[in-house]
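Take a look at the structure below.
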Number of protein chains: 2
Amino acid sequence: MRRSLDFKKKARVIIVDDNYDHLSGIKELIEIESDFDVVATATSASVAISLIKKYRPEIVLMDINMPEKDGLTAIAEIEKLDLGVRIIALTGYDDPDLIFRAMKIGAKGYILKTMASAQLIYAIDEVAAGKIYLPATLSSRFFEYFQQSFKEETQSVSDEENLLNYLTQREEEVLDLLTQGITYKGVAQKLFISETTVKTHVNNIFQKLQVNDRTQAVLYALNNGFLNRRKVKIAI
Amino acid sequence: MRRSLDFKKKARVIIVDDNYDHLSGIKELIEIESDFDVVATATSASVAISLIKKYRPEIVLMDINMPEKDGLTAIAEIEKLDLGVRIIALTGYDDPDLIFRAMKIGAKGYILKTMASAQLIYAIDEVAAGKIYLPATLSSRFFEYFQQSFKEETQSVSDEENLLNYLTQREEEVLDLLTQGITYKGVAQKLFISETTVKTHVNNIFQKLQVNDRTQAVLYALNNGFLNRRKVKIAI
DNA sequence: CTATTTATTGACCAGATGGTCTATACCCTC
DNA sequence: GAGGGTATAGACCATCTGGTCAATAAATAG
C-alpha cells in the first residue's frame with residue numbers, strides 16, 4: 001500500500017519552456033521540493049514532442065507562450081498521440097481565453113508562473129493522481145468565460161425573434177429531415193405524404209424563416225438551436 | 001471601506017427546495033452561521049420565480065431535484081429574466097452532467113447538500129462577491145466531463161478519415177461559400193470565376209466528401225470542424 | 001356556426017442543381 | 001519533357017428545387 005503510493009509519487013516529468021532560466025528554475029524547484037523525477041527538459045515544442053515519445057513521462061509542464069510552434073498547438077498534438085501523458089499548461093497570464101482553450105484541448109491543469117512554488121507542486125500532485133486541477137482564481141475566470149460564451153450563443157435571440165418558433169409541428173418534422181440532407185422524395189417517403197405536400201411545407205418553412213433555399217434553412221436551424229438537444233457540441 | 005464590505009455581506013437570499021425539512025434546515029443554518037438575510041423561501045420553482053421577481057434577492061439557492069418544474073429549467077428561466085440574481089445550484093448528487101448543465105445555463109455555484117455547512121456559507125460569500133464558485137471536487141468532475149465531451153466531438157475522426165483534409169484550397173473556398181448558403185452564381189461572382197468552374201469545383205467537393213448535394217456537403221463540413229475556428233459554440 | 005389554421009394534394013413552370021465528358025493552361029516534380 | 005495535380009471553362013441533359021395558384025378536408029378558435 002505504502003509502496004504503491006510512493007511509486008505513484010515518483011512520477012516522471014518533462015518541462016518545456018523556451019526561456020532557459022525559467023526552465024532550470026522550475027526544474028530545480030521540482031527536484032528540491034518534491035519527489036518527482038525530471039527526466040528531460042526542452043526549450044521548443046518540437047523537441048519536446050520527440051522527448052515525450054522517447055521518455056513517455058506521466059507529466060508534462062508546457063509553457064504556452066513560445067515562439068515557433070506555440071504551446072497550445074503542441075498540447076493538441078501530444079494529446080492526439082494518446083500516450084496517456086498528462087499535460088499542465090504554464091503561463092504568465094491568466095487570460096481566460098487561453099485557459100479555456102487549454103482545457104478544451106485536454107490540458108489537465110493550468111498554472112501561472114507567478115504562483116507560489118507550493119501551488120505548482122500541489123498541482124503536479126493532483127494531476128499525477130489523475131485529477132484535473134485548476135487553481136480557484138483561474139477556475140473562476142474559466143467559468144466566467146464559459147458562461148459568457150453561452151450567453152452570446154443562446155441568449156442572443158429571444159423567443160419571439162427565433163423564427164423557428166413559428167413553425168408548426170409538421171413543418172418542424174420536415175425541417176428536421178431537411179437538416180439531414182434528404183430530398184423531397186425522401187421526405188415524402190419518410191412522412192408517408194406526397195412530394196407535393198412536402199414542397200408546400202418546405203415553401204412555408206422558407207417563408208417563415210425568411211430564406212430562399214434549403215441550405216440557408218438548414219443553416220438557420222443549426223444556428224438557432226434547432227437540433228441542440230442531441231449532443232454536446234463545442235467548437236472554437 | 002469596512003461599511004461597504006459589511007453592506008455587501010448583507011446579501012438577501014431566497015431558498016428553494018421542495019423538501020420542507022431541508023429548506024428550514026438550510027434557512028436556519030444561514031441565519032445562524034452567516035450575515036445573509038433569508039428574505040423568502042419556496043418549495044416549488046414557480047412560486048420561487050414570483051418571489052424572486054418581488055424581492056429581487058442577490059442570491060438564490062436552488063434545489064435541482066424537484067418534481068413539476070425541475071430546478072435546471074427554473075434556473076434557465078430566471079437567468080432569462082436578467083434580474084442580476086446570482087443562483088447557486090443545490091443537489092444531493094455530484095452527477096457531472098448536472099453540474100455541466102447547471103453551469104452552462106448560468107448557475108454561479110454548485111453545492112452538494114452533503115457538504116459541510118461552512119462550505120455553503122463560503123460559497124454564498126464568494127458568489128455574493130461576484131465570483132463563480134465550484135468546490136474543487138465538483139470542478140474536477142466538471143472538467144473531466146467537459147474534456148470528454150470534446151474528445152468525442154473532435155477526436156472522433158482522425159485526420160486521414162476527415163475527408164475535408166483532401167480538399168484543395170480552392171475547393172475549401174468554394175465550400176466555405178456554400179456553407180453560407182450562396183448559389184453557383186453568387187460563388188462565381190465572389191471568386192471572379194465562371195459559373196461552370198464553380199460547378200466543377202462543387203462536383204469535385206461532392207465526390208471527395210462522398211455526398212450527393214450541397215446540403216449534405218454543408219452538414220459534413222459543419223460536423224467535421226470546417227468552420228470551427230469562427231466562434232465558440234456549445235449546445236446540449 | 002363561421003373563420004382561421006393546418007395538413008394535404010395537384011398542376012405548371014422557370015431556374016438551379018448535379019452528372020458526365022472534354023479541353024486548355026499552369027505549376028511542380030521526376 | 002512527360003506526367004500529375006490543380007484551376008479554369010464549355011456543352012449537354014436529367015433531375016431537383018423553388019414559386020405560384022388553386023383546392024379539399026380536418027381541426028381549432030372565436
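For the numbers below, each heavy atom of this structure counts, side chains included, while hydrogens, waters and symmetry mates do not. Throughout, a chain's letter reflects where its sequence line sits, starting with A, and its residues are numbered from 1.
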DNA chain C contacts among residues 191-207 of chain B, heavy-atom distance under 4.0 Å: B:Lys199, B:Asn203, B:Phe206
- request: May I ask you to decide if A:Gly106's main-chain N or O and A:Lys108's side chain share a donor-acceptor pair within less than 3.5 Å?
  value: yes
message: Tell me if a side-chain donor or acceptor on A:Gln147 pairs with a main-chain N or O of B:Ala107 at a distance below 3.5 Å.
response: yes
task: Measure from OH on A:Tyr166 to P on C:dT6 and round the result to the nearest Å.
output: 13 Å
field: B:Ile132 side, atom CD1; B:Ile88 side, atom CD1 - distance, nearest 0.5 Å
entry: 11.0 Å
query: Between A:Tyr220 and A:Leu163, is there a donor-acceptor pair closer than 3.5 Å when you use the side chain of the first and the backbone of the second?
result: yes
field: Spacing of A:Leu98 atom CG and A:Tyr145 atom OH [to the nearest 0.5 Å]
entry: 9.0 Å
- prompt: For C:dG15, does either OP1 or OP2 sit under 4.0 Å from a side-chain N or O belonging to B:Tyr184?
  reply: no
task: Ignoring hydrogens and angles, tell me if any N or O in the side chain of B:Arg86 forms a donor-acceptor pair with the backbone of B:Ala128 under 3.5 Å.
output: no
Check ion pair A:Glu173-A:Arg170 (N to O, under 4.0 angstrom): yes
First and last nucleotide of DNA chain D, 5' to 3', lying under 4.0 Å from heavy atoms of chain B: D:dT6 to D:dC12
task: Grab the CD-P distance between A:Glu173 and C:dT6 for me, whole Å please.
output: 14 Å
- prompt: Hey, would you say the A:Phe142 and B:Phe146 ring centroids sit under 6.0 Å apart?
  reply: yes
message: Tell me the closest heavy-atom pair linking B:Val218 and A:Leu219, and the distance in Å.
response: CG1-CD2, 3.8 Å
message: I need the A:Leu191 CG to A:Asp176 CG distance, nearest 0.5 Å.
response: 9.5 Å
Pair listing, salt bridge (charged side-chain N to carboxylate O under 4.0 Å, His left out) test, anchored in residues 38-66 of chain B, at least two apart: B:Arg12-B:Glu58, B:Asp63-B:Lys113
message: Let's go through A:Ile15 and A:Ile30 carefully: what are the C-alpha distance in whole Å and the side-chain angles of both, what is the deciding distance for side chain to side chain contact (heavy atoms under 4.5 Å, CB included) to 0.1 Å, and is it a yes or a no?
response: CA-CA 10 Å; A:Ile15 309 172; A:Ile30 293 178; 4.0 Å; yes
message: Treating primed atoms plus P, OP1 and OP2 as sugar-phosphate and everything else as base, which nucleotides of nucleotides 23-30 of chain C get B, S or - for protein heavy atoms under 4.0 Å?
response: --------
query: Which residue pairs pass the side-chain hydrogen bond (donor to acceptor under 3.5 Å, both in side chains) test when at least one of the two sits in residues 198-219 of chain B, sequence neighbours left out?
result: B:Glu171-B:Lys208
- prompt: Which angle, to the nearest 10 degrees, lies between the helix axes at the two ends of the helix from C:dC1-D:dG30 to C:dC30-D:dG1, each defined by five pairs?
  reply: 50°
